[in-house]
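One structure below.
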Amino acid sequence: MTEHNEGWIKTTCAYCGVGCGIEARPKHSGELEIRGDKEHPSNYGKLCTKGIALGETVIHDGRLLSPTLKTGHGDEALSWEDATTMVAERFTQTIQEHGPDSVAFYVSGQLLTEDYYVANKLIKGFMGTANIDSNSRLCMASSVVGHKRAFGSDTVPVCYEDLEQAEMVVIVGSNLAWCHPVLFQRLRTAKQENPSLKIVVVDPRKTDTCELADTHLPIESGSDVALFNGLLAHLIQQDSLDHEFISSHTDHFDETTHAALSEQNIEEITGLTEQQLIQFYSEFANTDKVITIYSQGVNQSSSGSDKVNAILNCHLATGKIGKAGCGPFSVTGQPNAMGGREIGALANTLTAHMEFDNPEHLQLVSDYWQTDTLATQPGLKAIDMFDAIDSGKIKAVWIIATNPMVSLPNSDKIRSALEKCPLVVVSDCIADTETSRLADVVLPAQGWSEKSGTVTNSERRISRQRRILPSPGEAKPDWWIISQVAQKMGFKEAFDYIHEGEIFAEYAKLTTLGNDNFERDLNLIGLTQLDDKGYSQLKPQQWPVTELQDQVVNQRLFSDGQFYTSNKRARFVAVNYQAPLAKADAKHPLILNSGRVRDHWHTMSRTGLSPKLAEHTTEPFVQVHPDTASKYQILDGQLAKVSNLQGEALVRAKVTSEVSPSQLFMPIHWNETTSKNSKPCALIANTTDELSGQPEFKHSAVAISSFASVSCAVFISKDTLDLNDMDYWARQKVQGGYLYRIESVLPMSELAAKLKGYLQVDDQRLISSESHQGQAQWLILDNDKPTQLLSVQERFADWEVTRLIEAYLQTDEQGSASDIMQTLANDPQSLTPA
């Protein structure tokens, strides 16, 4: 059922690929009450900090409310009729004048499967080009290549319950504790119940995931292929192989053996000692049930596909696949990255795990969609797509539910491309993103809690996301927006959908074409007879779905030793270590790694609206080893400039031994809408894995230096501010407004004078105090409620910022906001830390 006691509605979390079940119900405040769904097999009621705080993020701050034409003379609101007609006519005209390959879609793992399906059907089936790629290219493309090379299909063979049944879990290139917290909680529980469970973490950084580990292998950045080739060589030399499995179910073992045995200097390449390597190799060899979890540290690499196959080779060689507690496990980053892979939203796949190089597949899809304009060859992957926009080959692009100005490498190149492009259409739920600033037309889409459809998680489990709240303004489902444009392009009959359940039914049937005997892994035949009520009340389903699953099903694939290659045998893939393309040198002596923090998500458009989540990590930062900090004269808590030939970023230094002396780490979340010049993608080159097209986000050569600011300010405002004439600012959501941390090279008095111009005084009550040293404080009240608070000092301790927030909220026990402000102005040290 979608609802049960007291109005709770079952839905699915909006964040990572774990796909946690959630129950939500509206509160009188307009926010949502959130709890975990105890019946959902992904999480059984558990939620992480981000999931728990989802109810805070459904506020309408910053929402895009109507279709808008952006011109040099300002924004012009459009009706949906006019907006979709304009987009349809411009795409049609571009195709007529320049051919199908002059247009492109760039889409997102934030989309629901139904949205994804309609977008893919329109551009590949009716526009006649495969120039559609997903931001999943940035996180999972190397796994797709590795799976297809080894298994013949993009198949994740394991289930979450394998974590409870494993005897050893190897976590490679994943801070599972922060990036997939509920899976980490399941693993923690498994370890508590079975203390003999071995957990090995392979990561250049010491992360929170290491707290659960028996062993942390602080591997050198990019050296995973050497590590796993060394493991395969050890398995061969110690005869710890499953000979029967190899001979009966695999090909190309001899070539792969030769490659593994020829790998030299593994200790030097990985930075690990002989003792560390032998212990890891022996434990893997001598343990029957091993799961290897891997994520972006493996995928986001110029050799990501080879890293994936190096891992798969070790599981195939030992037969540790297709059995309970065994297997390679690629964990996805986004809530529907898997759904996008399934429907074909990557440029190099057709749809429903069918391929361009198979004439039978092309005919099946062409007949099913009733089109004679089906694309017949792969399109451009993300980096190549934006290069083609920059060069003028692509003249119209539709960007849906993603923010490439922040998430793609080489931000300056992306800006150049979008500024040149004759037509940039952006569909989003947020009005102001770095990408929407460069759009010609912006279209308001529904956000989580407003839209309805399905998502697929990392263990191939399809779950419903359900509508709980009304949409603000004129926001519409992405599938509806795309369908309206398709109809106005002349394809009405193929896109005449009434609701998302019709789209799912069409997609489910597509997965069965030419798939009577499950020749392809993705088959939803058991869902093809769903009526509207069945779709509405659909329980989680793990594919392949032979019949509707009323109870929880856990299916491991390959348990019969049959794979999806032409001869049903898995393929070993011979790989050898290739050094990352970026090299440290005298000018750029450090290697920059990038990733997520615990309580933020992607570009913070959702998590940035939660005061609770903002408290965990309040500013963009860079982790620096103490020896490195000392060498470059950087103090803990000071601003530091990280730079290379690509660009530069200004971030708060965190001095810690969690990174090695040769490395730095920066989070990916902050961007020009939430901070000044603090995003790592400005520093990352657009080098990619040649096979997967996935960029190398984990290995960029950079320099670091201190940034000597003279004065600081804390500015709390009910509304957002444009502070881009400051040297540095970072925004944090607080209750009732936004807090800005500001640093400047100006003297305090000059900074104070400059910031005073941002105060919205009018007829409101102003409390102010200024000292001869240049310190200054202002508090603006409206009906005794603070609307702005500004304090300028030489430096702020964390506790002083906390007290200012308390002053703004008028919750401090020492008195009213104005009392606290006066005390701070007269004698800041008199307020001891709370």
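Atom set for the values below is all heavy atoms of this structure, side chains included, hydrogens, waters and symmetry mates excluded.
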Atom [atom1] of [X] and atom [atom2] of [Y]: how far apart are they, to the nearest 0.5 Å?
X      : Y      : atom1 : atom2 : value
Ile321 : Leu312 : CD1   : CG    : 7.0 Å
Ser660 : Lys206 : OG    : NZ    : 14.0 Å
Leu241 : Leu316 : CG    : CG    : 11.5 Å

Does a side-chain N-to-carboxylate-O contact under 4.0 Å join [X] and [Y]?
X      : Y      : answer
Asp251 : Arg569 : yes
Arg186 : Asp162 : no
Asp306 : Arg149 : yes
Lys654 : Glu619 : no

task = Flag yes if more than 12 heavy atoms outside Lys46 fall under 6.0 Å of its NZ atom; otherwise flag no.
result = no
inquiry  = Are Ile269 and Glu220 packed together at the side-chain level, in the sense that at least one heavy-atom pair is separated by less than 4.5 angstrom?
reply    = no
inquiry  = Between Thr318 and Leu235, is there a side-chain heavy-atom distance shorter than 4.5 Å?
reply    = yes
query = Less than 6.0 Å separating the ring centroids of Tyr564 and Phe151?
reply = no
request  = Assess the pair His234 and Tyr281: is the distance between their ring centroids shorter than 6.0 Å?
outcome  = yes
ask   = Among all residues two or more places apart in sequence or in another chain, which pass the ring-ring contact (aromatic ring centres under 6.0 Å, His included) test with Tyr294?
value = none
Pi-cation contact, Phe563 with Lys568 (under 6.0 Å, within 45°) = no
query = Is Lys320 close enough and on-axis enough to Phe284, meaning under 6.0 Å and within 45°, for cation-pi?
reply = yes
List, one per line, each side-chain donor-acceptor pair under 3.5 Å for residues 196-204, sequence neighbours excluded.
| residue | atom | partner | partner atom | Å |
| --- | --- | --- | --- | --- |
| Ser196 | OG | Asn194 | OD1 | 2.6 |
| Asp203 | OD1 | Arg205 | N | 2.8 |

ask   = Between His669 and His600, what is the ring plane arrangement, given parallel below 30°, perpendicular above 60°, and tilted in between?
value = tilted
inquiry  = Determine whether Ser142 and Ser692 satisfy the following criterion, side-chain hydrogen bond (donor to acceptor under 3.5 Å, both in side chains), listing intermediate values before the conclusion.
reply    = CA-CA 5 Å; Ser142 295; Ser692 70; 2.9 Å; yes
message = Under the criterion ring pair (Phe, Tyr, Trp, His ring centres under 6.0 Å), I'd like the reasoning laid out for Tyr15 against His180: C-alpha separation, chi angles, the key distance, then a yes or no.
response = CA-CA 9 Å; Tyr15 295 118; His180 298 87; over 10 Å; no
ask   = Tell me the side chain to side chain donor-acceptor pair (under 3.5 Å) pairs involving residues 330-342, sequence neighbours left out?
value = Gln110-Gln334, Thr113-Asn336, Asn135-Gln334, Ser143-Ser330, Asp154-Arg341, Thr332-Ser458, Glu342-Thr456, Glu342-Tyr507, Glu342-Trp543
